[in-house]
Amino acid sequence: MRNSLAQLRKSKNLTQEQLATKLGVSRQTVISIEKGRFDPSLPLAFAISREIGLPIEAIFFPDEN
Amino acid sequence: MTKRQPTWGKLRFGKQPNRSALPWAICTGLILSTILGLAAANWGHHATYWSNFSAFFAGVLPFAIAAAWLLLVDRTTIKGAVANPEHSIEHTWLAQASSISFFITIAVTGLASAIFTLFFDSFVGAALMVVAIAMLAVFAGSYLVIKHKA
């Protein structure tokens, strides 16, 4: 799954550490999500959506392949 | 989380939960190891009483401290702990590593069992086969329990 979390996080002036703390997960989790190496659980995706202030489908996109 | 958070977390129980868990775990471990060491020493010969006690005490102590710490610590207060560890990538890594470890161990045990049975001691081969079967039985049992809960 692809996502635009990195750009959206920066637009909110949040560091990876700050977002991770708000989400209650490790910084490595945020790094891996942003790189597209880790698909978050549904509760975590909802939490990200809440923190970023956008619906889930505006942050995460299915792979075209 | 605060900057004064102890590395090894705080006590889960008691009226003063802000106390560091490690000293309590060490004390509990020492007491438990002493009791088990004395019990083991009484079980053996009188002539080797203190050597039996020392060996058992030293062998049990690290595990007793670790077990006591696991029971006493509030995991959310451990330094670097996150509020939702089950949603962190480390949780996925742990699950994947556990799964890989299990299947590698099964394969190695089965292979070793075959090698020992064919070329060396068949008793050792049978024992290893029993271990492999027991591991598979535990795996099947765990799978059924998880399936039943779903």
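Chain letters run A, B, ... following the sequence lines, proteins first, then strands; residues in each count from 1.
- Looking only at side-chain heavy atoms (C-beta outward), A:T29 and B:E90 come within less than 4.5 Å of each other.
- The distance from atom CD1 of A:I33 to atom CD1 of B:I89, rounded to the nearest 0.5 Å, is 8.0 Å.
- In this structure the side chain of B:H87 reaches within 4.5 angstrom of the side chain of A:P43, judged on heavy atoms.
- Heavy atoms of other residues, nucleotides or ligands lying less than 6.0 angstrom from CZ of A:F46 number 12 at most.
- Rounded to the nearest 0.5 angstrom, B:N84 CG and A:L44 CG are separated by 8.0 Å.
- Hydrophobic clustering of Ile, Leu, Val, Met, Phe, Trp and Tyr side chains at less than 4.5 Å, counting indirect connections, keeps B:I115 apart from B:F123.
- Cluster membership check: B:L61 shares its hydrophobic cluster with B:F53, using side-chain heavy-atom separations under 4.5 Å among Ile, Leu, Val, Met, Phe, Trp and Tyr.
- Residue A:I31: no heavy atom, backbone or side chain, is found under 4.5 Å from chain B.
- The greatest number of non-hydrogen atom pairs below 4.5 Å with chain B, out of A:A20, A:S41, A:S26, is found for A:S26.
- The local environment of CZ in A:R37 is sparse, with at most 12 non-hydrogen atoms from other residues, nucleotides or ligands closer than 6.0 Å.
- Open room surrounds CZ on B:F63; 12 or fewer heavy atoms of other groups in view lie less than 6.0 Å from it.
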